[in-house]
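Any value given below was found using the heavy atoms of this structure, including those in side chains, with hydrogens, waters and symmetry copies removed. It should be emphasised that the depicted structure is a prediction, and the values quoted were computed from it without experimental measurement.
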Amino acid sequence: MLQLDVLRANPQDVKKRLTKKNFKQINLVDTIIELDDKRKASKTELEALLAERNKLSKEIGILMKNKDPKAEDVKKRVAEIKDEIDFKEAAVNQFEAELNESLVQLPNLPADIVPEGRTAEDNVVVYQVEKLPAAHQGDLPHWDLAKKYNIIDFELGVKLSGAGFPVYIGKGAVLQRALISFFLSEAAKSGYQEMMLPHMVSEESAYATGQLPDKEGQMYHVTADNLYLIPTAEVPLTNLYRDVILEESDFPIKLTGYTPCFRREAGSYGKDVRGLNRLHQFDKVEIVQLQHPDKSYATLDDMCKHVEGLLKELKLPYRILRLCGGDMSFTSALTYDFEVYSVAQGRWLEVSSVSNFESFQSNRLKLRYRTEDNKKILAHTLNGSALALPRILAGILELNQTEEGIKIPAVLQKYTGFDIIS
RNA sequence: GGAAGAAUGGCAGAGCGGUUUAAUGCGGCGGUCUUGAAAACCGUUGACUGUAACAGGUCCGGGGGUUCGAAUCCCUCUUCUUCCGCCA
């Protein structure tokens, strides 16, 4: 959620930047400022009435103690004020509700270096591996490899749950476990503290990181207990610091966690959902940092370097995109996507997305730090996948297929205990 | 799931209808003393809102109610503790 101060300080600039993000209801900015004006005015009036009531009530207390009959007169006066108070209070509540409802609809403002553009076509490639892997005769896409070596069974998943819930078998399952261990170990090496987290969160948590109300339909909702299955570890990880006031010396806070992720993916069909490309349940190791506003962009670069390091270790051909305004998420100020190239599918697969949210999340989280002169300032939050497993697995299977079988990348072998799937 | 009790400022802990603008202790910060430190003593120390700055307002787990007035009484929800039941 954007800070009201920012809107008020420079509404024209805010509108310009919202436009870059392809946000249509620009006049919402003016509506919000008007609502805030109204809210402030009514609140000042309400508070004057409350002050008057408090004063008179105190007088009544003294009069009653002295058994003074004038107490009854004062009581009558307060009763009159009370009606006004109820009326004003309703008005203030109304304005506050409307203001909040509008404010929540505004997406985060894009950073200056975010490219103009509306779709994925407009994203800027900031790095691409020099040589794409050569195509070989008879290369199979991962869903065929999965079947050939009996390491993933999509039909069994359908039997248990439906499409998008694959069952990993034998070496396939071990490879998943190895990837999780590898990613967590690497994150630990980079100084991230590992957390094991709940896979369901409350409405409050989902709201604080911005999944609600924006992405209501994307999450599985356990209605009996009003809990949401997490779409990413970002939600519990970042909510750990909801309503927290940090000291400046606490920065940076670096957290990591492995969780399964659950996404309804309503409306996604076609070739994009083939095999491991898009699932309802998948595994991911997430990294999160909480940082001082002055350092968050340097931190974003650090996090990108970490992700890049993983892809290099796994020897996967990758590229890095700076997302354009129209393709960025609602909550992000700057996002880099990492994609792995699959020859067998002839396409790039998104395996990580690293973002700086600036104070957009911390505003709702009420995550702040205390400055030397005791001011409380919103911290910046960042997160990234490091990494999401299914497409990494797809990449490994497709890129390392040989006539003998699928070669396991060297860095993973100490976690798998085998070097080939045959 | 059943029964009972509890929830107060960073922590501990009073207050149970009207100078509470929440006592007191610990911790934190500043000072005196000291070569320095400790001890002792003195002072200071919550959050939100609001103002140019004051003032003012709100907050005693959340929400609602009673009252002229609620931390204090009532209802409700949540969480915790203890006991019982069930159970990885």
Q: Under 3.5 Å for both donor-acceptor distances, Watson-Crick or wobble: does B:U67 have a partner, and if so which one?
A: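 Pairing partner: none.
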Q: Salt bridge or not for A:R17 and A:D13, using N-O below 4.0 Å?
A: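 A salt bridge links A:R17 with A:D13.
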Q: Measuring only the C1' atom in each nucleotide, how far is B:U19 from B:G31? A whole number of Å is fine.
A: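 Nearest-Å result for B:U19 against B:G31 at atom C1': 32 Å.
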Q: Identify which one of A:N383, A:N239, A:T381 satisfies the side-chain hydrogen bond (donor to acceptor under 3.5 Å, both in side chains) criterion when paired with A:Q361.
A: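 Output: one option passes, namely A:T381.
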Q: Paired with B:U58: which nucleotide, if any, by Watson-Crick or G-U wobble criteria at under 3.5 Å for both distances?
A: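 Pairing partner, where one exists within any strand: B:A47.
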Q: Do A:D283 and A:Q176 have side-chain N/O donor and acceptor atoms under 3.5 Å apart?
A: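 Indeed, the side chains of A:D283 and A:Q176 share at least one donor-acceptor pair under 3.5 Å.
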Q: Any strand is fair game: report the nucleotide pairing with B:C33 by Watson-Crick or G-U wobble, both distances under 3.5 Å, or none.
A: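 WC or wobble partner does not exist here.
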Q: Both distances below 3.5 Å, Watson-Crick or wobble geometry, any strand: find the nucleotide opposite B:U19.
A: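 Answer to the pairing question: none, since B:U19 forms no Watson-Crick or G-U pair.
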Q: With distance as the sole criterion, is a donor-acceptor pair present between the side chains of A:S190 and A:K254 under 3.5 Å?
A: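 No, because no side-chain N or O of A:S190 sits under 3.5 Å from a partner of the opposite role on A:K254.
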Q: Considering only B:A47, B:C68, B:G50, which nucleotide approaches the side chain of A:K40 most closely?
A: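 Per side-chain heavy atoms of A:K40, the pick is B:G50.
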Q: Using the P atom as the reference point in each nucleotide, state the distance between B:A47 and B:C33 in Å, no decimals.
A: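 One P to the other, the span is 31 Å.
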Q: In whole Å, measure the gap between the P atoms of B:U44 and B:C26 for me.
A: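 It works out to 15 Å between them.
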Q: When rounded to the nearest Å, what value does the distance between P atoms of B:U78 and B:A88 take?
A: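 Approximately 26 Å lies between the P atom of B:U78 and that of B:A88.
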Q: What nitrogen or oxygen pairs link the protein and nucleotides 55-61 of chain B at under 3.5 Å?
A:
from: B:G56; atom 1: N2; to: A:E47; atom 2: OE1; distance (Å): 2.4
from: B:G56; atom 1: N2; to: A:E47; atom 2: OE2; distance (Å): 3.4

Q: In the structure I gave you, are the side-chain heavy atoms of A:K20 and A:E116 within less than 4.5 Å of one another anywhere?
A: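 In short, these two side chains touch, coming nearer than 4.5 Å.
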Q: Within the pair A:R370 and B:G28, is there a side-chain N or O less than 4.0 Å away from OP1 or OP2?
A: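 Checking A:R370 against B:G28: no side-chain N or O falls below 4.0 Å of OP1 or OP2.
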Q: Which one is paired to B:U72, where only Watson-Crick or G-U wobble pairs with both distances under 3.5 angstrom count?
A: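 In the structure as shown, B:U72 has no Watson-Crick or wobble partner.
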Q: In Å, rounded to the nearest 0.5 Å, how long is the span from CD1 of A:I33 to CG of A:L99?
A: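 Between atom CD1 of A:I33 and atom CG of A:L99 there are 10.5 Å.
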Q: Need the pair for B:A6. Rule: Watson-Crick or G-U wobble, both distances under 3.5 Å, any strand; none if unpaired.
A: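 Across all strands, the one nucleotide that pairs with B:A6 is B:U79.
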